[in-house]
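Below: one structure, written as structure tokens.
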There are 2 protein chains.
Amino acid sequence: MRYEERFESVLKSAATVFARRGYQRASIRDVARAAGISVAGLYYYCKSKEELLFAVCFHSFDVLLQSLHRSLKGVSDPKQQLHIFILNHFEYFLTYVEAMKVVSHEAGMLTGEFDARVTEIKRQYYLRCQQIVQLLLGEPDAESPRLRTTTLALFGMINWVYTWYRPGRDEDAKGLADGMTELFLHGVWPQAAVGNGQEVGNGG
Amino acid sequence: MRYEERFESVLKSAATVFARRGYQRASIRDVARAAGISVAGLYYYCKSKEELLFAVCFHSFDVLLQSLHRSLKGVSDPKQQLHIFILNHFEYFLTYVEAMKVVSHEAGMLTGEFDARVTEIKRQYYLRCQQIVQLLLGEPDAESPRLRTTTLALFGMINWVYTWYRPGRDEDAKGLADGMTELFLHGVWPQAAVGNGQEVGNGG
DNA sequence: TGTATTTTCGAGCGAGCGATCGAACGATAA
DNA sequence: TTATCGTTCGATCGCTCGCTCGAAAATACA
């Protein structure tokens, strides 16, 4: 077993422990125990607890982003792009639930350079998604508030999954992706979509 | 200043500190300092740190739920109900950003009886929302997976807000509520809403 | 085999944690 | 004044934390 493999195994243990206990509550001793090594041995692979959190977060986004780029290559239809984006997101989320829970929930604990690098790669992921939504909306302005709100609403829908998803009970990645793509494109009330004069929120 | 008022002031300080530092990282000394009292003095108002977190979470949901019931009274149109639900949610979220950040982010740290009581009141809030979505979908089965997924997608959209909302930059509660209600009802692609034969996700 | 390098660990550091205690405070009533 | 009672605090407890050190064990190569 080479160094790289052992390091990735340590990362996986860290992700599991951080996901189950939360980053702050999880102790370095918990991680070491899960990885099957001593505390001092753990520090052979990292310089600090925060670096462990950083490594889990950055590695996750790296793989997620690379997979997205691969899947989107050559696809020009915005609706197909959206579906690919959502499906890619769910496939990764449901495969690496623990890592993604850490990324979603604990990345905000990072500071300094660690924070900067994770924020940067998160931003790349966000911008790639925003491009797709911009095409869907036919919005010319990349700074449009509507574009921002809509993109972040989509992010909310798909990121929140880690708080409720249960493998046996809920659909698989494809099922979820189909459903949420449909919801994001057409809403739950499609028959009223083409202007029927009745708007919501102006009646009070 | 009476006891109750002082206690609520302590709760507010706790919410602020928990929101800024995270529940685990925030020390009881931080809370005491923010509340302008000593550590021992703080323990006159609570039995433990966890009880403080519980009080913040439970109180928040209590107010949110009561406000929702008040607003929904007498409204029968599902679309109006949806708009009211979302608006109520945002109004509360944007008024008590810090408390709601704690609720969304840290409630999972609770254990035992504390956990049970917060989970229970969260469930009431969820079920009230699910009723509305059920009406919108015309779904007869309350256990339908689609109903569950759709409701949780809505929850994701509106709960995620605490991670990105910036008071100066983004719209106010009403603006957000209008936008998200529209998105949830009709999607971003309304012109393709009524079955045009082209579906997403079956092309690959 | 001997030697050099990589990997592992037991023991323990200083710091900070949540929580507790008995004493003392200030306002009120006798 | 004295006694009462709700409220506040300084001092401190036992414990766990992130992290480090020097030495030993495992491995690689001669």
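Letters go in sequence order (proteins before strands), and every chain restarts at 1.
Judged purely by distance below 3.5 Å, without hydrogens or angles, the side chains of B:Glu120 and B:Gln124 pair a donor atom with an acceptor atom. A donor-acceptor contact under 3.5 angstrom links the side chains of A:Ser67 and A:Asn88, judged on distance only.
Nearest nucleotide to the A:Ile28 side chain, out of C:dT20, D:dG18, C:dT8: D:dG18. Which of C:dA19, D:dC9, D:dT20 sits closest to the side chain of B:Ala40 comes down to D:dC9. Considering only side-chain atoms of A:Arg6, the nucleotide from D:dC9, D:dC19, C:dT7 that sits closest is C:dT7. Of the listed nucleotides (C:dG18, D:dG6, D:dC9), D:dG6 has the atom at the smallest distance from the side chain of B:Tyr44. Among the nucleotides C:dA19, D:dT20, D:dG10, the one closest to the side chain of B:Ser38 is D:dG10.
Nearer to the 5' terminus of DNA chain D, by closest-nucleotide assignment, is the contact made by B:Leu42 (compared with the other of B:Leu42 and A:Lys49). Looking at which nucleotide of DNA chain C each of B:Ser27 and A:Tyr45 is closest to, the 5′-most match is held by A:Tyr45.
Residue contacts shown for B:Ala26 are limited to sugar-phosphate atoms, with no base heavy atom under 4.0 Å away.
Under 3.5 Å, the side chain of B:Arg29 and the base of C:dG16 form no donor-acceptor pair of N or O atoms.
One can place CD of A:Glu4 at 11 Å from P of C:dT7, the figure rounded to the nearest angstrom. Atom P of nucleotide C:dG18 and atom CD of B:Glu50 are separated by 12 Å, given to the nearest angstrom. Rounded to whole Å, the distance from CZ on B:Arg2 to P on D:dC5 is 22 Å. Protein atom OH of A:Tyr43 is 5 Å distant from nucleotide atom C1' of D:dC19, rounded to whole Å. The nearest whole Å value for the distance from the CZ atom in A:Arg33 to the C1' atom in D:dT16 is 12 Å. Taking atom OH on A:Tyr3 and atom P on C:dT8, their separation rounds to 10 Å, with Å as the unit. If you measure from atom CD of B:Glu51 to atom P of C:dA19, you get 10 Å, rounded to the nearest angstrom. As a whole-Å value, the separation of B:Leu53 CG from C:dA19 P is 12 Å.
Under the 30°/60° scheme for interplanar angles, the aromatic rings of B:His105 and B:Tyr162 are found to stand perpendicular. By the 30° and 60° cut-offs, the orientation of the rings of B:Trp160 relative to A:Trp160 is perpendicular.
One finds a salt bridge joining B:Arg148 and A:Asp170 here, because a Lys/Arg side-chain nitrogen approaches an Asp/Glu carboxylate oxygen to under 4.0 Å.
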